[in-house]
Amino acid sequence: MPRITLPDGKVLDFPAPVTGLMVATAIGPGLARKAIGVKLDGTEIRDLARPIESDCALKVITARDDDPDALFLLRHSAAHVLAEAICALHPGTRLAYGPPVEDGFFYDLKPPQPISEADFPAIEAKMQEIVAANRPFVRCEYTAADGLARTQDDKYKRDNAERALQKGDSKLSFYVSGQPGKDWEDLCAGPHVPSTGWLKASKVMAVAGAYWHGDQASDQLTRVYGTCFADEKTLKVHLHRLEEAKRRNHRKLGKEMHLFHLEEDNPGQVFWHPRGWSIYVTLMDYMRHKQREHGYVEVHTPSVMARSLWERSGHWEKYRENMFTTESEKRDFAIKPMNCPGHLLIFKQGLKSYRDLPMRIAEFGSCCRNEASGALHGILRVRGFVQDDAHILCTDAQVESEVVNFCRMLTAVYADFGFPAERIGVKLATRPDKRIGDDASWDKSEKALGDAVAAAGMRYTLSPGEGAFYGPKLEFTLFDAIGRGWQCGTIQLDSNLPGKDRLDATYVAEDGSRKNCVMLHRVILGSLERFLGILIEHFEGKFPLWLAPEQVRILPISDAQLGFARTIRDRLAARGMRVTVDEKADMLGAKVREARLQRVNYFAVVGQKEVEASAVALQNQAGEKLGSFVLDAFEARLLQEIDEKRLPASVAS
RNA sequence: GCCGAAGUAGCUCAGCGGUAGAGCAACGCUUUCGUAAAGCGUAGGCCGUGGGUUCGAUUCCCACCUUCGGCUCCA
């Protein structure tokens, strides 16, 4: 006799087991028409047609794009429609696994022939056919034996079934899209929407490879990505957002704006052009300044270090495959993939007292890592990069305050780049299965990091098991102007590397004894290459004035104003600004167009009128005409905007 | 590294067994112009690299390199 509690607190009593649909109907026929599933006790999503036998809290899930539960149901069901369509078009296709994911769903399968984008229109047409037929999703349950028998010839489904049974399920469920025995079926735990007709706003997005169980040594499968929304309008918005991401692509903008290039013969290494390097240097200068403010000392350590040092640090053993190595006079060397050993070697010079701690050692460390060729990605994932790296050597007792300090510094830095607190996500990555150190010390260090984040006024979520083998870490993700997340900053607690068995970094404590330091590895921007790539996409190449490679372009109307234009350029350049004059014989319209496309922040038109008034007619990148400015006012305006690090309206919140 | 797709002028792209095409950019000349493209002309190519098939390959086949989309990885 189930007693159902609704979200508003109302209680419905039923004399016998009911289905979600019956509950929805009891609430109202309108709701029943819109219902696609129910959620029990805030955890289990269930088909509308399945019986509910015991008391529970129940939410009716309707087809809405702002409800993650609804999207889960729609996308999980759309994955079935996709799989059915592919099976119909490519008989002999083996199905593996088709879950909903962020932004859509995928289905891993093994078709007899490769599937490519050219097949999408046919797949989508078939899917629309299945949707138009509006066939019900019917759940069929079998005993373990019967269910296993149904998956007998299918390696992947058999494996899924066995895993479900291992997990403790007593029955195996299949979902038929239509009539059992007649229509397509798939082993699946569910849940699903009532019928295929709900899945109108679906689209096949991409095809890629994937491994069975994510294991490189296992079968290679074809992964077909799709997405589905409740409303076709939301699908359009989603597709529009993808277009937007394409427009912001840092590789495209980097080329258009002459920031950098990548050389085919030298994969994974960036050639920075004058304009790109200008931004890069501004980033470094800025961080150098911030680090000084926060009590860091800057150092520089060798790019190539001997194998013996990497053996002592443990890197040779663990990361040998990903290190570039070289040899001289029969000794092995490696190009540094990290800066920490070098920083510890600096720390170890001379005797350190507890009074010297914490010691914050920073370096714009140029590192090389031999990343797998397939992992390279524009300037976001490269083999040669520079980090705003630093290592804080301190005592256990100092960890928490150092982390608080770091979080505050990081928040201030991110805000200057257009990522205010609400655009920062924090994760605490805790102890992994494979780890060193006892549980008591893990308890202590995880708590220290968590407390520090809270003390800095930030919220975090847990990322269980994702910590480094030597200690927990905090990971900071930035959400850009179109909502994409990029992990940048991190701080990791490490007592392994400075420990006795590794590089043995010690200090003399108050009581005269020698103690080992603990170390915090930390970056804020991370790889400058990557961070700059993210900034390009975040700003769509329209950098704030303080970062912009070309802040002002003077546009003379005719050659008669060239001299005046050059005078203005020299004057602003003397104040440290990045200014050019467009000396081409083009007409003004062409010069304006060019300047806007190049994303120059300000363009100052000078004609006869301006020469006479010693002024400029100003326009900004957005195309707003700002009127006439005499030179003093013009210069003051620019300097103030640079000084404030003012952000463009597109990201200011 | 693995799976799929792609690589043609500086850029964006067309062509696809028979002498390599456009627009923009560049360069030259004319124009000196008031807020998103002045006009005319010139030059520009180992059609990613290597092999094969063919009378003939940018085009078809194979291998490799690089890039892109994923997977795996990311100290």
Side-chain angles (χ1 to χ4, degrees), chain A residues 101 106 108 110-111 114-119 205-225 246 249 251-252 255-256 258 261-268 310 313-323 336-341 367 369-378 380-383 385 387 389 466 468-471 473 475 487 490 492 494 496-497 521 526-527 530 555-562 584-598 603-610 617-621 623-626:
Chain A
V101 290
F106 64 76
D108 280 352
K110 203 173 176 72
I115 289 178
S116 76
E117 275 182 40
D119 299 310
M205 301 300 294
V207 57
Y211 302 109
W212 175 231
H213 292 177
D215 176 6
Q216 243 182 96
S218 186
D219 293 11
Q220 178 77 45
L221 304 171
T222 300
R223 174 169 295 181
V224 183
Y225 283 89
K246 231 183 249 174
N249 187 301
R251 286 162 291 207
K252 178 172 159 279
K255 201 178 270 179
E256 275 174 27
H258 311 117
H261 86 273
L262 296 159
E263 195 68 36
E264 184 171 328
D265 289 337
N266 203 46
W310 297 114
S313 71
H315 290 92
W316 191 267
E317 185 197 353
K318 202 157 172 12
Y319 300 112
R320 169 83 187 75
E321 288 299 300
N322 292 311
M323 289 162 74
K336 69 175 171 186
M338 302 188 74
N339 306 299
C340 27
C367 298
R369 295 180 185 176
N370 195 5
E371 304 282 4
S373 57
L376 301 178
H377 182 93
L380 298 180
R381 185 82 182 267
V382 287
R383 289 186 174 146
F385 57 93
Q387 288 176 306
D389 199 10
E466 294 297 309
F469 71 91
Y470 49 74
K473 57 186 177 186
E475 291 182 329
Q487 203 234 296
T490 179
Q492 314 186 0
D494 181 6
N496 177 50
L497 200 55
H521 304 251
S527 145
R530 176 176 152 83
L555 312 182
I557 285 176
S558 76
D559 288 354
Q561 294 89 37
L562 261 179
K584 285 199 294 288
D586 287 332
M587 298 206 300
L588 183 59
K591 291 183 182 182
V592 167
R593 178 183 144 84
E594 185 63 18
R596 287 196 66 183
L597 287 175
Q598 287 281 309
F603 14 109
V605 175
V606 292
Q608 197 47 44
K609 268 191 303 194
E610 284 72 25
L618 199 59
Q619 186 176 163
N620 65 13
Q621 201 284 330
E624 295 160 334
K625 295 179 181 69
L626 304 168

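Naming convention: chains lettered A, B, ... in sequence-line order (proteins, then strands); numbering from 1 in each chain.
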Contact summary for A:L497 and A:S313, nearest pair of heavy atoms: CD1-O, 3.3 Å

Any-strand Watson-Crick or G-U partner of B:A36, both distances under 3.5 Å: none

A:E263 atom CD, neighbour heavy-atom count above 12 within 6.0 Å: yes

Same-atom distance (P) from B:U12 to B:U53, integer angstrom: 36 Å

Spacing between A:R320 atom CZ and B:G1 atom P, to the nearest angstrom: 16 Å

A:K584 NZ to B:G28 P, straight-line distance once rounded to whole Å: 13 Å

P-based separation of B:G50 from B:G39 [nearest Å]: 41 Å

Shortest non-hydrogen contact between A:P267 and A:L376, atoms and distance: CB-CD1, 4.1 Å

Interatomic distance where CG belongs to A:N620 and P belongs to B:A36 [whole Å]: 13 Å

B:U59: pairing nucleotide in any strand, Watson-Crick or G-U under 3.5 angstrom: none

Residue pair A:E610 / A:V605: nearest heavy atoms and the distance that separates them: CG-O, 3.6 Å

For atom CG of A:L555 and atom P of B:A37, their distance in whole Å: 14 Å

P gap between B:C33 and B:C27, integer Å: 22 Å

Main-chain N/O of A:S558 paired to A:Q561 side chain as donor or acceptor, under 3.5 Å: yes

Watson-Crick/G-U partner (both atom distances under 3.5 Å) of B:G45: none

Pairwise P distance for B:C65 and B:A14, with rounding to whole Å: 26 Å

P atoms of B:U30 and B:A57, separation to the nearest Å: 47 Å

Letter per nucleotide, 5' to 3', of nucleotides 63-75 of chain B [B base touched, S only sugar-phosphate touched, - untouched; heavy atoms, 4.0 Å]: --BSSSBBBSBBB

Quick one: which protein N/O atoms are closer than 3.5 Å to N/O atoms of nucleotides 32-35 of chain B? Pair and distance per line, please.
unit_1, atom_1, unit_2, atom_2, d
B:U32, O2, A:D559, N, 3.1
B:U32, N3, A:D559, OD2, 3.1
B:U32, O4, A:D559, OD2, 3.4
B:C33, N4, A:A585, O, 2.4
B:G34, O6, A:Q608, N, 3.1
B:G34, O6, A:K609, N, 3.3
B:G34, N1, A:E610, OE1, 2.8
B:G34, N2, A:E610, OE1, 3.4
B:G34, N2, A:E610, OE2, 2.8
B:U35, O2', A:K625, NZ, 3.0
B:U35, O2, A:Q619, NE2, 2.2

Atom-to-atom span, CE of A:M205 to C1' of B:G4 - whole angstrom: 17 Å

Partner nucleotide, any strand, of B:G69 [Watson-Crick/G-U, under 3.5 Å]: B:C3

Donor-acceptor contact present, side-chain A:R383 to main-chain A:N370, <3.5 Å: no

Under 3.5 Å on both distances, the Watson-Crick or G-U partner of B:U53: none

Exercise: identify the closest heavy-atom pair between A:A468 and A:K473: N-CE, 4.3 Å

B:C11: pairing nucleotide in any strand, Watson-Crick or G-U under 3.5 angstrom: B:G23

B:G28 to B:G44 separation - P atoms, rounded to the nearest Å: 16 Å

Under 3.5 Å donor-acceptor, A:K591 side chain and A:P556 backbone: yes

Rounded distance in Å between the P positions of B:G41 and B:C24: 12 Å

Nearest atoms (heavy-atom pairs only) where A:M338 meets A:W310: O-CH2, 3.8 Å

Inter-nucleotide P distance (B:U66, B:G23), Å rounded: 35 Å

A:R369 side-chain N/O to A:P337 backbone N/O, donor-acceptor pair under 3.5 Å: yes

